[in-house]
Amino acid sequence: MTTRILLIGGHGKVALLTEPLLVDAGHHVTAVIRNPDHEADVRSTGATPLLADVQSFDDEQMRNLVSGNDVVIWAAGAGGGDAERTYAVDRDAAIRSMDAAVAAGARRYVMVSYFGAGPDHGVPEDHAFFAYAEAKSAADEHLRGAELDWTILAPSALTLDDGTGMIDAAADEAGSVPRADVAGVIAASLADDSTIGRTIRFNSGTTPIAEAIGG
């Protein structure tokens, strides 16, 4: 059976690298985007673009968006800069999507977070990154308590380097990792049920992705 995947944040750099991997694996991928100018980029990956502004969606609209899918991947982000929008997207809309996944029966949920996310993120309140750190901490914590088969992926600083297919999922401190390898980890996590219920923090490394994330 073909798995139906809803990827929210479908025009992000990581998302555009993830979509062809999922399509090539035989999945049907619907990529949620806000800008109609991005439809062609998404179609070129083999995914189906869907215009929707998840920031403005209420609970019912979010359930309708998720309905009919088996998997939700959250790769959206406000992009920083505006604290109010950051909370609205990275925390509130993300949480609504999780609740919608529960209600719609889309049990598998993959969250793209970041290496240092958590209540002890250590970002000072007067720092521009604070709202994002707080929002991701709240979203991740909500997901851990949701009745979903969840995985939280927490890459370190993202680069535009070519992917190597190798990561370090045992590092104690953040480094960096190519976006292409983050895409590889997303695809590999869906193929490996041992990633369910786990938060996987990773840098670039020397261990093949499938081996590194295996439980």
Side-chain angles (χ1 to χ4, degrees), residues 3-12 14-15 18-19 22 27-34 47 50-80 83-121 131-155 182-183 185-201 213 215:
T3 300
R4 300 183 63 86
I5 299 173
L6 184 74
L7 196 160
I8 301 174
H11 194 258
V14 169
T18 304
E19 286 151 12
L22 299 176
H27 305 304
H28 181 278
V29 182
T30 301
V32 178
I33 56 176
R34 290 193 308 132
L50 176 62
L51 287 173
D53 182 4
V54 295
Q55 178 181 346
S56 67
F57 273 21
D58 61 21
D59 292 342
E60 183 178 1
Q61 290 171 309
M62 195 72 85
R63 282 196 300 273
N64 289 338
L65 179 67
V66 172
S67 182
N69 289 282
D70 308 300
V71 177
V72 175
I73 299 173
W74 182 273
E84 184 176 353
R85 183 163 185 271
T86 296
Y87 286 121
V89 175
D90 293 288
R91 181 190 63 195
D92 301 340
I95 287 173
R96 284 198 301 275
S97 77
M98 298 167 200
D99 294 344
V102 173
R107 288 200 55 84
R108 191 73 172 99
Y109 193 109
V110 176
M111 165 63 74
V112 181
S113 188
Y114 75 97
F115 197 101
D120 56 349
H121 56 70
Y132 181 75
E134 286 284 288
K136 293 303 281 186
S137 173
D140 290 357
E141 199 58 31
H142 189 86
L143 182 56
R144 291 186 182 103
E147 293 182 4
L148 293 167
D149 294 333
W150 58 267
T151 302
I152 296 172
L153 302 178
V182 178
V185 172
I186 294 171
S189 70
L190 289 179
D192 185 349
D193 285 350
S194 76
T195 64
I196 292 172
R198 292 169 54 205
T199 299
I200 301 173
R201 297 178 175 85
I213 69 171

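In the model, T151 has no side-chain atom that pairs as donor or acceptor with a side-chain atom of Y109 under 3.5 Å. Side-chain contact check for R198 and S189: no donor-acceptor pair (N or O, by modelled atom type) lies under 3.5 Å.
Taking the side chain as every heavy atom from C-beta outward, V29 and I73 never approach each other to under 4.5 Å.
Put simply, CG on L7 and CD1 on I33 are 11.5 Å apart, with the number rounded to the nearest 0.5 Å. Taking OH from Y114 and NE2 from H121, the interatomic distance works out to 6.0 Å, rounded to the nearest 0.5 Å. With rounding to the nearest 0.5 Å, the separation of OG in S113 from CG in D140 is 3.5 Å. Within the model, atoms CD of E60 and CG of L65 stand 12.5 Å from one another, a figure rounded to the nearest 0.5 Å. Distance check, rounded to the nearest 0.5 Å: OG1 of T195 to CD1 of I186 gives 11.5 Å.
Under the 3.5 Å distance criterion, the side-chain polar atoms of D90 are left unmatched by any main-chain donor or acceptor of Y87. Formation of a donor-acceptor pair under 3.5 Å by the W150 side chain with backbone atoms of I152 is not found in this model. The backbone N or O of A94 lies less than 3.5 Å from a partner atom in the side chain of S97, making a donor-acceptor pair. Using a distance-only test at 3.5 Å, with no hydrogens or angles considered, a donor-acceptor pair links the side chain of K136 to the main chain of V112. With R34 contributing its side chain and Q55 its backbone, the two residues share no donor-acceptor pair below 3.5 Å. With R201 contributing its side chain and F115 its backbone, the two residues share a donor-acceptor pair below 3.5 Å. Side chain of S137 to main chain of A133: no donor-acceptor pair is present (N/O by atom type, distance under 3.5 Å, no hydrogens or angles).
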Would M62 and D58 count as a side chain to side chain contact (heavy atoms under 4.5 Å, CB included) if you check the C-alpha gap in whole Å, the side-chain angles of each, and the deciding distance to 0.1 Å? CA-CA 6 Å; M62 195 72 85; D58 61 21; over 6 Å; no
Quick one: do D149 and R108 satisfy salt bridge (Lys or Arg N to Asp or Glu O under 4.0 Å)? Show the steps, please. CA-CA 5 Å; D149 294 333; R108 191 73 172 99; over 6 Å; no
Working for side chain to side chain contact (heavy atoms under 4.5 Å, CB included), residues M111 and M98: CA-CA 10 Å; M111 165 63 74; M98 298 167 200; 3.6 Å; yes
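The two atoms that bring Q61 and S56 nearest to each other are OE1-O, 3.8 Å, heavy atoms only.
A salt bridge does not link D70 with R4: none of the charged nitrogens is closer than 4.0 Å to a carboxylate oxygen. Ion pair E141/R144 flagged as a salt bridge, since at least one NZ, NE, NH1 or NH2 atom sits closer than 4.0 Å to an Asp/Glu carboxylate oxygen.
A side chain to side chain contact (heavy atoms under 4.5 Å, CB included) with L153 is found for one member of V182, V14, I200, I213 and no other, namely I200. Between V32 and the options V72, L6, D53, a side chain to side chain contact (heavy atoms under 4.5 Å, CB included) holds for only L6.
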